[in-house]
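Every heavy atom of this structure was used, including side-chain atoms; hydrogens, water molecules and symmetry mates were not. Since the structure is predicted, the reported quantities are computational estimates derived from the model, not experimental observations. Just so we're on the same page: letters track the sequence lines, and every chain starts at 1.
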Number of protein chains: 4
Amino acid sequence: MARFVFRDKSIYYEEYGKGKPIVVLNGIMMSTASWSEFVEPFSANNHLILLDFLDQGRSDHMTEPFSQALQADLLLALLDHLELEKVCLLGISYGGEVALRFALEHGDRLERLLLFNTTACTGPWLGDIGDAWNLASKDADAYYLTTIPVIYSPKFYRENNAWMEHRREALRPVFGNPRFVDAMVRLTNSAADYDVSGRLGEIKTPTMVVSCMEDYLTPMAEQKVIVNGIPGCEHVIIPGCGHASMYEKPVIFTALTLGFFNNTKEQFRIL
Amino acid sequence: MARFVFRDKSIYYEEYGKGKPIVVLNGIMMSTASWSEFVEPFSANNHLILLDFLDQGRSDHMTEPFSQALQADLLLALLDHLELEKVCLLGISYGGEVALRFALEHGDRLERLLLFNTTACTGPWLGDIGDAWNLASKDADAYYLTTIPVIYSPKFYRENNAWMEHRREALRPVFGNPRFVDAMVRLTNSAADYDVSGRLGEIKTPTMVVSCMEDYLTPMAEQKVIVNGIPGCEHVIIPGCGHASMYEKPVIFTALTLGFFNNTKEQFRIL
Amino acid sequence: MARFVFRDKSIYYEEYGKGKPIVVLNGIMMSTASWSEFVEPFSANNHLILLDFLDQGRSDHMTEPFSQALQADLLLALLDHLELEKVCLLGISYGGEVALRFALEHGDRLERLLLFNTTACTGPWLGDIGDAWNLASKDADAYYLTTIPVIYSPKFYRENNAWMEHRREALRPVFGNPRFVDAMVRLTNSAADYDVSGRLGEIKTPTMVVSCMEDYLTPMAEQKVIVNGIPGCEHVIIPGCGHASMYEKPVIFTALTLGFFNNTKEQFRIL
Amino acid sequence: MARFVFRDKSIYYEEYGKGKPIVVLNGIMMSTASWSEFVEPFSANNHLILLDFLDQGRSDHMTEPFSQALQADLLLALLDHLELEKVCLLGISYGGEVALRFALEHGDRLERLLLFNTTACTGPWLGDIGDAWNLASKDADAYYLTTIPVIYSPKFYRENNAWMEHRREALRPVFGNPRFVDAMVRLTNSAADYDVSGRLGEIKTPTMVVSCMEDYLTPMAEQKVIVNGIPGCEHVIIPGCGHASMYEKPVIFTALTLGFFNNTKEQFRIL
């Protein structure tokens, strides 16, 4: 619904509602359109801002490899463009990585930080999985089968198999589109050297980490690095839920988002 | 701040704020005063109602044994008295048991149900623990040591030992007061035959269960009975948290409460 | 070290030691050679039998698609060939699936059943992952990256990265060998219709299921189907361990194997 | 079956079988008699040694308060008396504490160390629970209800309620016997200052820690201190099992004991 220019690239974003500003950062395969079902509850009493990263959705594509750090710069430019001094920031997966990079560089612009399915470091294991994705990118079916099942829990996949099959049909032409897939490869590579694990102690923003028991891409054990690293970090676990938590458990996803951001109490310690 | 009469007993309750009505039901040792730190965030955009059960806080005490079912009747009377057709209901521990009893009998009065640290059934194990509490009730120190450590995680107890010791001093005269302790014994006994495990499938109210990994009184494994029993029940886990979740993890407690109740989307399925 | 003929195919197996017969069934990518480090402890006081399935290791390859049920027939033939009336049976992953098929058809030949990293059903999720493996099979690097990282925990992968890189070099020529990869595809497809979930209640053999918290291929939640399905099934969890449990936690793997099989007490109930 | 004198006290112990020496250290309420069902499997191929600590079972009672360190001295005296240079040591709960004390002082006498339901430190939480036990010790019913339910999982308690009730009848006269209860109080107090958490890194003995998900006395979270503290420590989890793991899961208890101790491979790393 709106655009601004960042380093010669046209960036797409959407705004809804009034109130406390909440910025939502997409996972790697997502776009602003992925949040359609969440717009109503997120913006009913808040000022919701959705953003397509560079190489994502309706924002301009890149032509060369780039670092994920650029996406954090983009977020800073967006906040400046919207004249938002401080925001609540939600990131999921790739978006959570950008959120952590941003928190380290521009923590003064954050009121609260909420991370779903986010790791502190790409590391050799996740790096190799990214390479597997990239090698599969030449074939739509291979790309679907390599990237999609792993982000759902087996139970959700089984219980919603008709929806999954419908989704597969919808994604096939997308995954067969070189423009989309090349952008995906660049996005994947942009996170190859991601590693904030040594600097987490610098983050002063009140943070909540949400881990999912059936997350096989950013497993719970890896997220404890963030929980243990950020001082006073809150930690919640969703059982029976895979990496795509907002699809598998939308009610819990919404509850944690609205409740963490709309708590009027600044420093909440009982003691 | 307000009172009404229920079967010849004067009942104490408190009201704060405007908006969606949220009723909070205490754990067995709690009272309206236990929620002082939560009043601000819970009532900033909602109509908060706190209640002292019979034999609790500033409500009248009983003189004879009674069934916990009476507390559910009391809740119904309160809703009628306040002319509230439908409310969001939060219950913790004993309050969660009353909430489940209420949901079974008066589900039409509930919009959403949120249960912290709640079991579906007293059972022989919890029943014997209740008997241990009752046998310790003649001695203030014994009562403290039998009832209090078990409701905290060892980590919280260790890290907040000064607060715990201060709390022990504050509770000693209370636990040495026969009027308080006799009420506690009656409250404990009122739940002796509690068992809704066979009827959970009847509950139609959208429900969320919050379990804590270090809850040694209503352990996580026991709460799965509720999660598996209520159709479509949501389930969230708080790691590193004991039975008194609102004291150990107030930020998460508040997030789940506000976010689950203030989600404007009625039936939220992505598929 | 030894061979016998099963339906015109030459089958390779190895025997070590004397005592209680223990048969070990390989995971899909394994062979008798994979157990080299375990031969000493497993055979010190037991009669150990290792087996290469059809299309595996030094056993003959197939030329046409076949059902995994054939591997259970092969196991029966091996026991008859060795004149073993009853054995202790260990299966991991694909080998665990064959073990469960065998337990259903020939439970009278089993004394005890030990399952590591085993699922009760291929299902749509695991089926799609198998298809991803098959689509990647034309390219050695793609096959490595699609099949290997997912069977390790990120922590093990990180802490033993030199070993992983060495393993990658060793596997590259193997994964580039069409004879090996075609057999892998047939093995993968042989399990496509595997589903014993509805028949687990028929199993009378004393069974122990070992699940690993970081198993992303046969996740813990899926293994509870087996635990809940087999009467009196024992269940153990290895934290911080991926799908290849025998590589990540050899001491625990060995302890559970020796201890479960060498317990002299037949029916062990304390009560 | 045998006795020796330790500092003027007559100490009772039992020996069974031949082979690798395995010493088993009791939990606080146990005695050599508690292991009757385990004697056969533990001694079939091993030299099993059971021991009653000071103030336990058929060993002499103390008259004054003492430190738990004395029990470790007692163990050293027993090994010397039996002329055992090195043993495999199993400790459960209180026995695990003594085992850790012993490992720190006399690690050269240990071949392997296996700890069930053991904490690294009494701490304020467990200390207060011990005080609750002591305050309940004057009344047989109070002592039973304060000490027994908490050591079982609710599920086991429910499913074996007839056995639990039978046990309660059997324990009532014991718990009403001041000689027994006074010894229990001394044993409880002997561990009041137990804390090896700062010295775990000194332990060189190959160690395995077994934690139980429903252990409410030495909860899993507390045992991670040991797992993280001892270099190379193995860790296994038993789901659905309370503190008295040998009663609730005897098959798994036996498997881990026999298999960990009878593994002939000294240093077992795959890599």
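- Proximity to chain B at a heavy-atom threshold of 4.5 Å picks out nothing from residues 172-188 of chain D.
- Counting heavy-atom pairs closer than 4.5 Å to chain D, the top residue among B/Pro239, B/Pro124, B/Ser153, B/Gly240 is B/Pro124.
- Atom NE2 of D/His166 has 12 or fewer neighbouring heavy atoms from other residues, nucleotides or ligands inside a 6.0 Å radius.
- Using a distance-only test at 3.5 Å, with no hydrogens or angles considered, no donor-acceptor pair links the side chain of B/Trp125 to the main chain of D/Lys155.
- Only the side chain of B/Leu135 comes within contact range of chain D, with at least one heavy atom under 4.5 Å from a heavy atom of that chain.
- With rounding to the nearest 0.5 angstrom, the CG atom of B/Asp131 is 10.5 Å from the OG1 atom of D/Thr146.
- When heavy atoms are compared at a cutoff of 4.5 Å, B/Asp141 approaches chain D by way of both its backbone and its side chain.
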Cut-off 3.5 Å, no hydrogens considered: what does the side-chain donor-acceptor table look like for residues 64-71 of chain B, sequence neighbours left out?
from    : atom 1 : to       : atom 2 : distance (Å)
B/Ser67 : OG     : B/Ala69  : N      : 3.0
B/Gln68 : OE1    : B/Arg101 : NE     : 2.7
B/Gln68 : OE1    : B/Arg101 : NH2    : 3.2
B/Gln68 : NE2    : B/Glu97  : OE1    : 2.8
B/Gln71 : OE1    : B/Leu54  : N      : 3.1
B/Gln71 : NE2    : B/Leu54  : O      : 3.3
B/Gln71 : NE2    : B/Tyr94  : OH     : 3.3

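- Using a 4.5 Å cut-off between heavy atoms, B/Ala136 does not touch chain D at all.
- Of all the listed residues (B/Pro154, B/Pro219, B/Ala132, B/Gly130), the one sharing the greatest number of non-hydrogen pairs under 4.5 Å with chain D is B/Pro154.
- Applying the salt bridge (Lys or Arg N to Asp or Glu O under 4.0 Å) rule to pairs touching residues 197-221 of chain B yields B/Glu105-B/Arg199, B/Arg199-B/Glu202, sequence neighbours excluded.
- If you take CG on D/Asp128 and CE on B/Met164, they are separated by 8.0 Å, rounding to the nearest 0.5 Å.
- In this structure B/Trp133 satisfies the ring pair (Phe, Tyr, Trp, His ring centres under 6.0 Å) test with no other residue, sequence neighbours excluded.
- B/Asn161 touches chain D through its side chain: at least one heavy atom from C-beta onward sits under 4.5 Å away, while N, CA, C and O do not.
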